[in-house]
Amino acid sequence: MCTLIKKENILFIYLAAALFSATFITGSSSYYNAVYINYLELAFIIFYIITLRGFPPFKELAKNNKLPAIIFVLWLTSITFSFIFSPLNLTYKSRAIGRYCQTISHLFTFIFLWDYLKRYKPNLKKILFIIPLTTVVIALVFLVYNFIMMETIHTINYGKILFQHPPYNSHIRHTGYQASAGLSVLLLFNITKQRQNFYTLLIILATVITCTFVIWLGGRGAILSVISTFILIFVVLLFQNSSTKYFLTTFSLIFLLSIIIAELLSVYQWNGLFNPLHRSLASDGINSFSSGRIKIWATCWESIKVNPFWGLGSQGYYYMPNRIYGVQPHNAFIQFLVEWGVIGTSLFIFLIFSGFLAGVRLHLRNRNEIISQQALIALAIITTLTIHSITDGTYYHPQPTFYLVIAFAVWLTHDG
């Protein structure tokens, strides 16, 4: 096999298979989904070691990135301390052990993938396109499910079932993570006008389907995060003196058309654009407006006051005695504070922020050097899922975290 396929291409093929697998071989349990994604990441590391016959040059990487390397070691030490000395005694609890191992796995997968991209510079645009491609398939599956199931199950009852147990995922909002990431990728395939051919029509059709799906799912965070990403990409194009007329016109028309289609297909209380909008306007307070998130965040603060510097350890929110519901607090910053405390959170935010700025310097240092589509796609995924993390668990749940690992590795690699 290795003699027929170049060794670096084996990793390329594996990444494509892993992204497909991360979408379709998942179930109704977020815990087991996290375990499965963790296996995918560990398999990539093993494939790297076997096919490339070695490890990333850690010493060289650390030497060339001294401050981030120091912060990374400090962060790793900090979260280990938080886990071992947790006031909740987490070292004997399987969910906590798994969460701790998965957190470390994400970061080391990033390092191995980043080194692979730096050494061989493969174009991951085709691989990242798998995200919207699988989203379109799932959107069509939802359509078929609706027509079949609504014939036998009352609409309200099926709406509740679909909300809690959608196809290929553990919650309807988790499907929204994928759909919003998929739409952010497709935005970058609609920047400039192409020749009117079959491929162009397919891209536009896929964008309409995905945009309609995002709106139909009814997640306010998903919709707002995609709009924010569109604005950011629009600003980047203006900064680089690129034409924005086609991009602005195309997305505006697609967005309006998608709203119309989504509303025509909207049958549940939780989906479409206007049902969530009406629910927001009818809320009787900020906690109701936030779907109970304010109360969740308040209970998190009550829990971590006993150990604010180190937090409660990995999966600390799940084991909080006063946990209201769910497995994560619907806010990445609160999530980090609960698990790692002020110290671990500060170190990790520094890593994320410095990585983002390093990518900005790498791709946007020169207004005359046009940023590649691959880098823009990575930026779009990072922006969408990070903004979404303000009100949800895109830095907690496995599928969006896997997307972020790949996107950050691409964003920090010069593909020229």
**Q.** Contact list for residues 105-117, test salt bridge (Lys or Arg N to Asp or Glu O under 4.0 Å), sequence neighbours left out
**A.** Asp115-Arg119
Q. Which is it for Tyr116 and Phe12 under the ring-ring contact (aromatic ring centres under 6.0 Å, His included) test, yes or no, and what are the steps along the way?
A. CA-CA 10 Å; Tyr116 164 64; Phe12 187 89; 7.9 Å; no
Q | Any Val136 side-chain heavy atom under 4.5 Å of Pro132 side chain | A | no
Q: Would you please indicate if the ring centroids of Phe44 and Phe108 are separated by under 6.0 Å?
A: no
Q. Taking only residues at least two apart or on different chains, which pairs with a member in residues 298-318 satisfy salt bridge (Lys or Arg N to Asp or Glu O under 4.0 Å)?
A. Glu302-Lys305
Q | Pairs satisfying side-chain hydrogen bond (donor to acceptor under 3.5 Å, both in side chains), at least one member in residues 34-46, at least two apart | A | Ser21-Tyr36, Asn38-Ser105, Glu41-Ser105, Glu41-His106
**Q.** Gap separating the CG atom of Leu40 from the CG atom of Leu15, nearest 0.5 angstrom
**A.** 10.5 Å
Q. Would one find more than 12 heavy atoms of other residues, nucleotides or ligands at under 6.0 Å from atom OH of Tyr168?
A. no
(Q) So, using side chain to side chain contact (heavy atoms under 4.5 Å, CB included) as the criterion, who are the partners of Ser303 when residues are at least two apart? (A) Leu312, Met320, Asn322
Q.
Would you say that Thr175 contacts Pro167 through its side chain, given a criterion of any heavy-atom pair below 4.5 Å between the two side chains?
A. no
Q | Pair listing, salt bridge (Lys or Arg N to Asp or Glu O under 4.0 Å) test, anchored in residues 316-344, at least two apart | A | Arg99-Glu339
(Q) Just verifying a value: how many Å separate Ile37 CD1 and Tyr403 OH, rounded to the nearest 0.5 Å? (A) 8.0 Å
Q) Should the pair His174 and Tyr177 be assigned to parallel (<30°), tilted (30 to 60°) or perpendicular (>60°) ring geometry? A) parallel
Q. Are side-chain heavy atoms of Ile172 and Phe142 found at a separation under 4.5 Å?
A. yes
Q.
Please evaluate residues Asn89 and Tyr319 with respect to the criterion side-chain contact (heavy atoms from CB on, under 4.5 Å), reporting the C-alpha separation (whole Å), side-chain torsions for both, the decisive distance (0.1 Å), and the verdict.
A. CA-CA 10 Å; Asn89 297 316; Tyr319 289 105; over 6 Å; no
(Q) Using 30° and 60° as the class boundaries, would you call the ring planes of Phe247 and Phe230 parallel, tilted or perpendicular? (A) tilted
Q. Hey, which of Trp75, Trp310, Tyr100 is the one that makes ring-ring contact (aromatic ring centres under 6.0 Å, His included) with Phe81?
A. Trp310
**Q.** Side-chain heavy-atom pair Leu238, Thr244 within 4.5 angstrom cut-off
**A.** yes
Q) Just how far is it from atom OG of Ser30 to atom CD of Gln328, taken to the nearest 0.5 Å? A) 8.5 Å
Q) So, for Ile371 and Val236, which heavy atoms are closest and what is the spacing to 0.1 Å? A) CG2-CG1, 4.3 Å
Q: Anything under 30° is parallel, anything over 60° is perpendicular, the rest tilted; go ahead and classify Phe20 against Phe24.
A: parallel
Q: Determine whether Gln374 and Leu188 make a side-chain contact, defined as any pair of heavy atoms from C-beta on separated by less than 4.5 Å.
A: no
Q. For atom OH of Tyr31, is the number of surrounding heavy atoms from other residues, nucleotides or ligands below 6.0 Å larger than 12?
A. yes
Q. With the threshold set at 4.0 Å, does a side-chain nitrogen-carboxylate oxygen contact exist between Asp392 and Arg293?
A. yes
Q.
Quick one, Ser242 with Ile370, criterion side-chain contact (heavy atoms from CB on, under 4.5 Å). Give me CA distance, side-chain angles, the key distance, then yes/no.
A. CA-CA 8 Å; Ser242 300; Ile370 302 299; 4.0 Å; yes
Q | Contact summary for Cys300 and Pro329, nearest pair of heavy atoms | A | SG-CB, 3.7 Å
(Q) Looking only at side-chain N and O atoms, does Tyr396 offer a donor or acceptor that is under 3.5 Å from a partner on Ser389? (A) no
Q. Between Leu61 and Pro56, which heavy-atom pair has the shortest distance, and what is it?
A. CD1-CB, 4.2 Å
Q: Measure the spacing between OG1 of Thr103 and OH of Tyr395 and express it to the nearest 0.5 Å.
A: 13.5 Å
Q: Mind telling me whether Tyr14 and Phe47 have parallel, tilted or perpendicular rings, with 30° and 60° as the class edges?
A: tilted
Q) Would you call Ile349 and Thr345 a side-chain contact if the rule is heavy atoms closer than 4.5 Å? A) yes
Q) Could you state the interatomic distance from CG (Leu124) to CD1 (Ile377), rounded to the nearest 0.5 Å? A) 10.0 Å
(Q) A quick test of your reading: do over 12 heavy atoms of other residues, nucleotides or ligands sit less than 6.0 Å from CZ of Phe55? (A) no
**Q.** Validation row, ring centre Phe129 to ring centre Phe189 under 6.0 Å
**A.** yes
Q) Taking atom CZ of Phe58 as the centre, does the number of heavy atoms from other residues, nucleotides or ligands within less than 6.0 Å exceed 12? A) yes
Q) Is there a side-chain contact (heavy atoms from CB on, under 4.5 Å) between Asn331 and Thr391 once you walk through the steps? A) CA-CA 5 Å; Asn331 177 279; Thr391 57; over 6 Å; no
Q: Start with the C-alpha distance between Thr413 and Lys118, add both sets of side-chain angles, then the distance that settles side-chain contact (heavy atoms from CB on, under 4.5 Å), and finish with yes or no.
A: CA-CA 6 Å; Thr413 306; Lys118 284 168 65 71; 4.3 Å; yes
Q.
Does the plane of the ring in His171 sit parallel, tilted or perpendicular to the ring in Phe163? Use 30° and 60° as the thresholds.
A. perpendicular
Q. Is there a side-chain contact between Leu113 and Phe408, using heavy atoms and a 4.5 Å cut-off?
A. no
**Q.** Donor-acceptor pair between Thr229 and Thr384 side chains, under 3.5 angstrom
**A.** yes
Q. Closest approach of Gly316 and Val338, non-hydrogen atoms and distance?
A. C-CG1, 3.8 Å
Q: Would you give the length of the straight line joining atom CG of Leu128 to atom CG of Leu186, rounded to the nearest 0.5 angstrom?
A: 11.5 Å
Q.
Between Thr207 and Asn190, do the side chains contain a donor N or O and an acceptor N or O under 3.5 Å apart?
A. yes
Q. With a cut-off of 6.0 Å (strictly less than), are more than 12 heavy atoms of other residues, nucleotides or ligands near CZ of Arg365?
A. yes
Q | Partner residues of Leu202 under the side chain to side chain contact (heavy atoms under 4.5 Å, CB included) criterion, sequence neighbours left out | A | Phe198
Q. Quick check, are the ring centers of His363 and Trp411 under 6.0 angstrom apart?
A. yes
Q. Is any side-chain heavy atom of Asn33 closer than 4.5 Å to a side-chain heavy atom of Asn169?
A. yes
Q. So, Lys125 versus Gln373: side-chain donor-acceptor pair below 3.5 Å or not?
A. yes
